[in-house]
Amino acid sequence: MINYNYIVDFQIVNENIYSIWLASVLKGELYNQGEINYIFCDDDYLLQINQNYLNHNTYTDIITFDYTEGTSISGDIYISVERVRENAVTFGVAFDNELRRVMVHGVLHLMGYKDKSNSEAAKMRAKEDEKMNLFHVEQ
């Protein structure tokens with residue numbers, strides 16, 4: 001089950017379309033859907049989590065807590081809507097595209113994809129692009 005939680009004044013217009021897309025992402029990587037919670041928040045909320053749980057004193061667009069067991073993907077994915085909006089402007093892309101990229105980025109982390117090294121980040125970016133293309137197919 002995919003749950004959408006909103007701590008800020010923001011809401012995905014059609015959650016069902018996103019859930020179908022994310023289910024296809026999981027299926028395409030041969031994973032089962034456990035419980036995935038998206039928590040949409042602001043910069044300050046996510047900064048507090050970053051400081052309290054990861055000992056980082058920086059803003060970020062996403063923090064993922066992984067509860068995956070075997071091939072059953074589960075986790076909490078916190079997303080700063082503020083940071084996604086800023087990043088969309090910085091990268092010259094539509095907000096919805098950047099939001100989907102960050103959402104799938106979190107799921108890819110739950111599948112074990114990393115992005116700490118340059119080679120890991122390149123592989124992650126390629127997977128993001130591949131999975132982003134599935135969103136348009138599902139529409």
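Treat the numbers as computed from the prediction; the structure is a model and nothing was measured.
A heavy-atom distance below 4.5 Å is not found between the side chains of D66 and H109. Put simply, the side chain of M111 reaches to within 4.5 Å of the side chain of V25, judged on heavy atoms. Proximity of L22 to F135: side-chain heavy atoms (C-beta onward) are nowhere separated by under 4.5 Å. When side chains are defined from C-beta on, T64 counts as touching L110, because their heavy atoms get closer than 4.5 Å. Using a 4.5 Å heavy-atom threshold, the side chains of K131 and E29 count as touching. Residues E98 and R83 have side chains not in contact (no heavy-atom distance under 4.5 Å, counting atoms from C-beta outward). V107 is listed as a side-chain neighbour of I77, based on a closest heavy-atom distance under 4.5 Å. Annotation: side chain of N3 is not in contact with side chain of I36 (no heavy-atom distance under 4.5 Å).
Atom CZ of R101 sits about 5.0 Å away from atom CD of E128, to the nearest 0.5 Å. Note that CG of N50 and OG1 of T60 are 6.0 Å apart. Values are rounded to the nearest 0.5 Å. We find the CG-CG distance between L26 and L108 to be 9.0 Å, quoted to the nearest 0.5 Å. The CD1 atom of I20 sits 12.0 Å away from the CD atom of E15 when rounded to the nearest 0.5 Å. With rounding to the nearest 0.5 angstrom, the CG atom of N32 is 6.0 Å from the OG atom of S72. Between N37 atom CG and I2 atom CD1 the span is 10.0 Å, to the nearest 0.5 Å.
In terms of modelled atom types and a separation under 3.5 Å, the side chain of Q48 and the main chain of D44 share no donor-acceptor contact. Of the possible donor and acceptor atoms, none in the side chain of T68 sits under 3.5 Å from a partner among the backbone N and O of I73.
Under the 4.5 Å side-chain contact rule for hydrophobic residues, I79 and I17 share a cluster. Residues Y4 and I62 are members of one and the same hydrophobic cluster, defined by side-chain heavy-atom contacts under 4.5 angstrom among Ile, Leu, Val, Met, Phe, Trp and Tyr.
Between the side chains of S80 and D43, at least one donor-acceptor pair of N or O atoms lies under 3.5 Å. Checked by atom type, the side-chain pair H105/D115 shows a donor-acceptor distance below 3.5 Å.
The aromatic rings of Y18 and W21 stand perpendicular to each other, their planes meeting at an angle above 60°, with 30° marking the opposite boundary.
Here Y113 pairs with nothing under the ring-ring contact (aromatic ring centres under 6.0 Å, His included) rule; sequence neighbours left out. Residues forming a ring-ring contact (aromatic ring centres under 6.0 Å, His included) with F95 (at least two apart in sequence, or on another chain): F10.
Taking a 6.0 Å sphere around CG of N52, one finds it holds more than 12 heavy atoms contributed by other residues, nucleotides or ligands. By the 6.0 Å contact criterion, CD on Q11 is enclosed, its count of non-hydrogen atoms from other residues, nucleotides or ligands being greater than 12.
Closest approach of Y38 to M103, counting heavy atoms only: OH-O, 3.0 Å. Residues S74 and G34 share a closest heavy-atom pair of OG-CA, 3.4 Å. Shown here for T58 and L47, the closest heavy-atom pair between the two residues is O-CD1, 3.3 Å. Nearest approach of I12 to Y6, heavy atoms of both residues: N-OH, 3.3 Å.
Under the 4.0 Å criterion applied to side-chain N and carboxylate O atoms, E130 and K127 are assigned as salt-bridge partners. Between R85 and E82 no salt bridge is recorded (no basic side-chain N to carboxylate O distance below 4.0 Å).
Side-chain heavy-atom separations under 4.5 angstrom define the hydrophobic clusters, and the remaining members of the one that includes I39 are I7, Y45, L46, I49, Y53, L54, I63, F65, Y67, Y78.
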